[in-house]
Amino acid sequence: MLELKNLVFEVPVSEGAKETKRIIDDLSLTIADNRFTVITGPNGGGKSTLAKLIMGIEQPTSGQIIYNGQDITNASITERARLGIGYGFQQPARFKGMKVKKLFDLAAGKKLGKQECFDLLGKVGLDAKTYLLRDVDKSLSGGELKRIEIATILASNPQMAVYDEPEAGIDLWSFERLTTTFEELYKKNDGRSIVIISHQERIIDIADDIVILRAGKIEAQGPARVMIPCLGFGGKVCGECPTDAALQKMTDAVQEQ
C-alpha cells in the first residue's frame with residue numbers, strides 16, 4: 001500500500017529566486033494493493049510531478065511517502081525499485097550500445113530465455129525477431145522506445161508500477177494492445193498495483209479508482225463506477241481533459257456517496 005501524507009513540492013518561480021510556487025499542494029492519497037488507479041486532470045496540474053515524487057526522481061519539500069508501512073520519503077530511486085516500485089517515463093531514456101535483450105536481463109535481475117523476451121515484446125506490440133537485438137538508441141522512434149520501456153517494466157515485475165502517459169507517441173493499434181496488457185496484469189489479482197497518469201478514456205474506463213488532480217490538489221477521487229459517468233468524454237476515442245463543469249459534477253457525485 002502506498003500512502004502520501006500532506007505532500008508538498010515547491011520550486012523557485014525563476015532561477016535563483018527565493019520566491020517559490022507550489023506544484024503539489026498538501027496532497028494526501030492512499031493507493032491500496034491490487035488496485036488500478038488512474039490519475040488524470042488538466043495539463044499543468046502536477047500529475048507527472050506526483051509520479052516522480054512517488055519514484056524518488058523528485059524529493060518533496062515536506063510531507064511523507066509511506067510504502068508498505070516503510071517511510072521512503074528520502075529513499076533513492078534504487079532503494080524504491082528494490083522495494084518493488086517500477087516507473088515508466090513520459091519520455092524514456094536511450095542507452096547507446098545497449099541491446100533490448102540486455103535491458104530486459106538487467107530489469108529482471110537475471111538472464112531471460114528467448115521465449116520470455118518474445119512474450120514481453122509481444123505484449124507491447126513489437127516483433128521480437130526485429131527488436132530483441134536492436135540498440136536502445138536514437139535509431140528507435142519515440143513510440144518504439146516507449147513500448148520497449150513498458151516491456152522493460154514488465155520484465156522487472158514490480159509490486160507497484162507507475163506509468164506516466166504510456167500512450168504518448170504510440171499508434172492506435174499498439175495503444176489497444178497495451179491497454180489489453182494492463183487489463184491482463186490487473187486481472188492476475190496477485191496484490192500488485194498499477195498507477196497510470198493518463199487522459200485517455202480507454203485507460204480510464206478500465207480503472208478501479210480515478211483521481212482528478214488540479215493545481216497540485218486532489219479535486220475529486222473515487223471508484224470508477226461513480227466517477228466515469230461524470231467525466232463527460234462524449235464517446236471520444238482519445239478523451240480530452242475534463243471540463244470545469246464535468247469536474248464539478250464529478251466532485252458533487254463523489255460527495256453524495
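Note that these values count all heavy atoms, side chains included, but never hydrogens, waters or copies made by symmetry. Along the sequence shown, residues are numbered consecutively beginning with 1.
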A.B. asks: Where the side chain of R134 meets the backbone of S139, is there a donor-acceptor pair that is under 3.5 Å apart?
C.D. replies: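 The answer is yes, because a donor-acceptor pair under 3.5 Å joins these two groups.
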A.B. asks: Could you tell me whether K111 and D105 have a side-chain N and a carboxylate O separated by less than 4.0 Å?
C.D. replies: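 Looking at D105 together with K111, the answer is no, because their closest N to O distance does not fall below 4.0 Å.
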A.B. asks: Does this structure show an ion pair linking D135 with K99, if we count only N-O contacts that are shorter than 4.0 Å?
C.D. replies: yes
A.B. asks: Do other residues, nucleotides or ligands put more than 12 heavy atoms under 6.0 Å from the CZ atom of R82?
C.D. replies: no
A.B. asks: Going from CZ on R147 to CG on L126, what distance comes out if it is rounded to the nearest 0.5 angstrom?
C.D. replies: 4.5 Å
A.B. asks: So which heavy atom on K47 is nearest to which on I39, and how close?
C.D. replies: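 So the minimum-distance heavy-atom pair works out to CD-O, 3.9 Å.
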A.B. asks: For G86, does its backbone N or O pair with a side-chain atom of R80 as donor and acceptor, under 3.5 Å?
C.D. replies: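 Not at all, since once roles are kept as given, no pair shorter than 3.5 Å links the two residues.
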A.B. asks: Where the side chain of R22 meets the backbone of V8, is there a donor-acceptor pair that is under 3.5 Å apart?
C.D. replies: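 Side chain of R22 to backbone of V8: no pair is present.
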A.B. asks: Using only atom types and a distance under 3.5 Å, with no angle test, would you say the side chain of T30 pairs donor to acceptor with the backbone of E3?
C.D. replies: no
A.B. asks: What I'd like to find out is whether the side chain of S193 reaches to under 4.5 Å of the side chain of N34, using heavy atoms alone.
C.D. replies: no
A.B. asks: Side chains of D26 and L7: closer than 4.5 Å at any heavy-atom pair?
C.D. replies: no
A.B. asks: Taking it one step at a time, do I57 and Y87 satisfy side chain to side chain contact (heavy atoms under 4.5 Å, CB included)?
C.D. replies: CA-CA 10 Å; I57 298 167; Y87 182 84; 3.5 Å; yes
A.B. asks: With side chains defined as the heavy atoms from C-beta onward, is the minimum distance between K217 and L27 less than 4.5 Å?
C.D. replies: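 SC-SC contact between K217 and L27 ruled out.
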A.B. asks: Can you tell me if K101 uses its side chain to pair, donor with acceptor, with the backbone of L112 under 3.5 Å?
C.D. replies: yes
A.B. asks: Checking the side chain of E149 only, and the main-chain atoms of F89 only, is there a donor and an acceptor separated by less than 3.5 Å?
C.D. replies: yes
A.B. asks: Is a side-chain donor or acceptor of R192 paired with a backbone partner of P158 at a separation under 3.5 angstrom?
C.D. replies: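 Between the backbone of P158 and the side chain of R192 there is a qualifying donor-acceptor contact (under 3.5 Å).
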A.B. asks: What are the two closest heavy atoms between I148 and F104, and how far apart are they?
C.D. replies: O-CE2, 4.0 Å
A.B. asks: For residues V162 and M55, determine if any side-chain heavy atom of one lies less than 4.5 Å from a side-chain heavy atom of the other.
C.D. replies: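 No, every pair of side-chain atoms sits at 4.5 Å or beyond.
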A.B. asks: Taking a hydrophobic cluster as the set of Ile, Leu, Val, Met, Phe, Trp and Tyr residues connected by side-chain heavy atoms closer than 4.5 Å, whether directly or through intermediates, do I77 and I150 fall within one such cluster?
C.D. replies: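 Hydrophobic grouping puts I77 apart from I150.
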A.B. asks: Kindly compute the distance separating CD1 (I206) from CD (E183), expressed to the nearest 0.5 Å.
C.D. replies: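 Nearest 0.5 Å value for the CD1-CD distance: 4.0 Å.
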A.B. asks: Report yes or no: do Q64 and N6 form a side-chain donor-acceptor pair below 3.5 Å?
C.D. replies: no
A.B. asks: What closest approach, in Å, do L53 and I65 show between heavy atoms, and which atom pair accounts for it?
C.D. replies: O-CD1, 3.3 Å
A.B. asks: Contact between I228 and I204 at the side-chain level, heavy atoms closer than 4.5 Å - yes or no?
C.D. replies: yes
A.B. asks: Any chance you could measure S48, atom OG, to N43, atom CG, to the nearest 0.5 Å?
C.D. replies: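 Reported to 0.5 Å precision, the distance equals 9.0 Å.
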A.B. asks: Mind checking whether N68 and L83 have side chains closer than 4.5 Å, heavy atoms only?
C.D. replies: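 Result no, sub-4.5 Å side-chain heavy-atom pair not found.
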A.B. asks: Got a donor-acceptor contact below 3.5 angstrom from the H199 side chain to the T40 backbone?
C.D. replies: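 No; zero donor-acceptor contacts below 3.5 Å.
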A.B. asks: Evaluate side chain to side chain contact (heavy atoms under 4.5 Å, CB included) for L2 paired with V195, printing each intermediate quantity in order.
C.D. replies: CA-CA 11 Å; L2 179 71; V195 179; 5.8 Å; no
A.B. asks: Please round to the nearest 0.5 Å and tell me the distance separating atom CG of D208 and atom CZ of F36.
C.D. replies: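 Taking CG in D208 and CZ in F36, the distance rounds to 8.0 Å.
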A.B. asks: Using ring pair (Phe, Tyr, Trp, His ring centres under 6.0 Å), reason through Y163 and F182 one step at a time and then give a plain yes or no.
C.D. replies: CA-CA 11 Å; Y163 298 93; F182 290 140; 4.9 Å; yes
A.B. asks: Should L106 and I85 be regarded as members of a common hydrophobic cluster, given that ILVMFWY residues are connected when their side-chain heavy atoms come within less than 4.5 Å of each other, either directly or indirectly?
C.D. replies: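 No, L106 does not connect to I85 through the hydrophobic network.
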A.B. asks: Please report the shortest heavy-atom distance between V136 and L140, naming the atom on each side.
C.D. replies: CA-CD1, 3.7 Å
A.B. asks: According to a 4.5 Å side-chain heavy-atom criterion applied to Ile, Leu, Val, Met, Phe, Trp and Tyr, with indirect links allowed, do L154 and M160 form part of one hydrophobic cluster?
C.D. replies: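 Different clusters: L154 never reaches M160 through Ile, Leu, Val, Met, Phe, Trp or Tyr contacts under 4.5 Å.
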A.B. asks: I want to check something: taking the side chain as every heavy atom from C-beta on, are L213 and I218 in contact at a cut-off of under 4.5 Å?
C.D. replies: yes
A.B. asks: What verdict does the side chain to side chain contact (heavy atoms under 4.5 Å, CB included) test give for F95 and K102, after you've listed the backbone C-alpha separation in whole Å, the side-chain angles of each residue and the deciding distance to 0.1 Å?
C.D. replies: CA-CA 11 Å; F95 302 94; K102 180 64 174 179; over 6 Å; no
A.B. asks: For residues M98 and L145: do they belong to one hydrophobic cluster (side chain heavy atoms under 4.5 Å, members Ile, Leu, Val, Met, Phe, Trp, Tyr)?
C.D. replies: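 Looking at the clustering, L145 is in the same group as M98.
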A.B. asks: Any side-chain heavy atom of E167 within less than 4.5 Å of one from I203?
C.D. replies: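 Yes, their side chains come closer than 4.5 Å.
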A.B. asks: Using only atom types and a distance under 3.5 Å, with no angle test, would you say the side chain of D164 pairs donor to acceptor with the backbone of G88?
C.D. replies: no
A.B. asks: Taking everything shown except E19 itself, do over 12 heavy atoms lie less than 6.0 Å from its CD?
C.D. replies: no
A.B. asks: Closer than 4.0 angstrom, basic N to acidic O: yes or no for E58 and K52?
C.D. replies: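 Result for this pair is no, no salt bridge flagged.
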A.B. asks: Specify the closest pair of heavy atoms between F9 and P60, including all atoms of both residues, with the distance to one decimal.
C.D. replies: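 Shortest heavy-atom contact: CD1-CA, 4.3 Å.
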A.B. asks: List the steps and the verdict of side chain to side chain contact (heavy atoms under 4.5 Å, CB included) for E79 and I72.
C.D. replies: CA-CA 9 Å; E79 289 169 329; I72 62 168; over 6 Å; no
A.B. asks: Kindly compute the distance separating OG1 (T37) from CG (L29), expressed to the nearest 0.5 Å.
C.D. replies: 7.5 Å
A.B. asks: Looking at CG of L50 and CG of L4, how far apart are the two atoms once the value is rounded to the nearest 0.5 Å?
C.D. replies: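 Going from the CG atom of L50 to the CG atom of L4 covers 6.0 Å.
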A.B. asks: Membership question, hydrophobic clusters at under 4.5 Å side-chain separation (ILVMFWY): are I196 and V124 in the same one?
C.D. replies: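 Yes, same cluster.
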A.B. asks: Considering all heavy atoms of both residues, which atom of M227 and which atom of I210 are nearest to each other, and what is their separation?
C.D. replies: CE-O, 3.4 Å
A.B. asks: If we ignore hydrogens and angles and just use 3.5 Å, is the side chain of T181 paired with the main-chain N or O of K123 as donor and acceptor?
C.D. replies: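 Present.
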A.B. asks: Do the side chains of K96 and D137 get close enough for a salt bridge, i.e. N-O under 4.0 angstrom?
C.D. replies: no
